[in-house]
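Just so you know, these numbers use all the heavy atoms, side chains as well, and skip hydrogens, waters and symmetry mates.
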Amino acid sequence: MTVRRFAVHIGVSDRMVSHWEAAGIAIAPRPSNQAALDTALSCAGTEAQERFAVLITERAAAAEDRRAEILLAADPLRFVRHPVDGKLMVEVPEGLFLRGDSGGTAWLSAFHLDVFPTTNADYFRFVSATGYPPPQHWQGTRYPESLFDHPVVWVTWRDAAAYAAWAGKALPSSAQWEKAARGTKGNVYPWGNSPTAAKCNVADSGIGHTTSVSRYQSGASPFGAYDLCGNVWEWCATESAPGRRELKGSAFTSPFVRAAPASFNDASTGMCDEDTGFRCVAGPF
């Protein structure tokens, strides 16, 4: 990639990338930038990951390099592809986490969460395999090509649940969704505690439509999941009242003040809109 393209890819300035290049091995990125770099590597293709593995292995062998040793010891199975729908998933380990505005603790068993919301391309595979009715914004039974990596929208809770059942997954509970977004320490936002609307697609951003699910790398959660603030509201399995289910994450139509993962929202299971989609969870596999 060019410097400019790589900067856009990980959500930093051109100047920052040039500074890193000049500093070489001496660079010490801020935690949020390091997380973006780590996530980009985890989502890279096999060829890029193999090049990186060779590089850090040679460096660790040539001299003591604590960062290289840490990377070599990292769990290579943290990100996995689901065997049915092929989506990249990240493991969220069992244990306690801080939940809600009051910071109360809750315990959850381990689960896997889709790294990205379900895209139009993902949903197309489901529609093609099952004959399920497509969303209303598609052109017949095919999505607009420009939206292939945008989250699928105009789906009801029942539509989302049908996809999850086909894939052998489930919709996340609101607790699972919140832990994946905030981490175990209860961050206010996926990226930390700073209210930075530029790290997500909300109304304040002025975009006015959905964006690619991989656009906001600097807004990834502690576990490496994307778009847990903004882009589209996401259906959860948790029932808030008869016939209603919780929604999480806010959307491009909503103000940033509604984007905090601890915030509450719900809707009728029959509701569908231009700003509502979903992602799934799965047990060990």
Side-chain angles (χ1 to χ4, degrees), residues 1-14 16-17 29 32-49 51-52 78-82 85-92 112-126 143-153 155 163 167 169 172 177 180-181 183 189-192 196-202 205-234 248-252 259 261 275-281:
M1 294 183 183
T2 63
V3 168
R4 177 170 296 178
R5 184 179 174 193
F6 185 69
V8 171
H9 184 62
I10 61 172
V12 300
S13 67
D14 300 6
M16 180 65 73
V17 175
S32 59
N33 289 338
Q34 184 64 60
L37 289 164
D38 292 343
T39 303
L41 176 64
S42 298
C43 298
T46 302
E47 183 180 350
Q49 292 182 353
R51 285 201 310 270
F52 185 78
R78 183 169 175 241
F79 289 89
V80 294
R81 289 200 179 275
H82 193 268
D85 64 0
K87 285 183 65 64
L88 197 67
M89 304 192 82
V90 63
E91 182 182 10
V92 179
H112 284 83
L113 178 86
D114 288 340
V115 172
F116 304 107
T118 304
T119 65
N120 284 290
D122 297 327
Y123 203 76
F124 174 75
R125 288 191 288 272
F126 160 63
Y143 54 86
E145 288 299 327
S146 61
L147 301 179
F148 79 98
D149 63 346
H150 287 221
V152 67
V153 293
V155 286
Y163 174 98
K169 298 180 176 180
W177 197 101
Y189 304 101
W191 55 84
T196 312
K199 292 181 180 291
C200 56
N201 180 11
V202 288
S205 309
I207 296 173
H209 53 75
T210 58
T211 49
S212 167
V213 296
S214 62
R215 174 168 176 167
Y216 291 95
Q217 299 200 28
S218 63
S221 81
F223 298 107
Y226 284 51
D227 269 2
L228 290 168
C229 275
N231 218 0
V232 295
W233 289 101
E234 297 185 12
K248 286 288 190 180
S250 190
F252 71 89
D275 64 355
T276 306
F278 67 97
R279 76 179 75 208
C280 297
V281 294

Aromatic plane relationship, F124 with Y143 - under 30° parallel, 30 to 60° tilted, over 60° perpendicular: perpendicular
Interatomic distance, S205 atom OG to K199 atom NZ [nearest 0.5 angstrom]: 12.5 Å
Interatomic spacing from CG in L88 to CZ in R81 - rounded to 0.5 Å: 5.0 Å
Residue pair K248 / P261: nearest heavy atoms and the distance that separates them: NZ-O, 2.8 Å
Polar side-chain atom of H150 near backbone of T210 as donor-acceptor pair, under 3.5 Å: yes
Heavy-atom side-chain proximity of R279 to L113 below 4.5 angstrom: yes
Interatomic spacing from OG in S218 to NE2 in H9 - rounded to 0.5 Å: 12.0 Å
R4 side chain to D14 backbone, donor-acceptor under 3.5 Å: no
Where T211 and R215 come nearest, the two heavy atoms and their spacing: CG2-NH1, 3.5 Å
Y189 and W191 aromatic ring geometry - parallel, tilted or perpendicular at 30°/60° bounds: parallel
Y163 and Y123 aromatic ring geometry - parallel, tilted or perpendicular at 30°/60° bounds: parallel
L228 to W177 - nearest heavy-atom pair and separation: O-CH2, 2.8 Å
From T118, N120, V232, residue fulfilling side chain to side chain contact (heavy atoms under 4.5 Å, CB included) relative to V153: V232
Given V213, D227, D122, N231, the one that forms side chain to side chain contact (heavy atoms under 4.5 Å, CB included) with F116: V213
CG-NE2 distance between N201 and H209, expressed to the nearest 0.5 angstrom: 7.5 Å
Audit row: D85, K169, salt bridge (Lys or Arg N to Asp or Glu O under 4.0 Å) steps and yes/no: CA-CA 10 Å; D85 64 0; K169 298 180 176 180; 2.8 Å; yes
Between D149 and S212: side-chain donor-acceptor atoms closer than 3.5 Å: yes
Atom of K87, atom of P117 and distance for their closest heavy-atom approach: NZ-O, 3.3 Å
Nearest heavy-atom neighbours spanning V202 and G230: CG1-CA, 4.0 Å
From C200 atom SG to F252 atom CZ, the distance as rounded to the nearest 0.5 Å: 13.5 Å
Over all atoms of both residues, closest heavy-atom pair of M16 and N33: CE-ND2, 4.3 Å
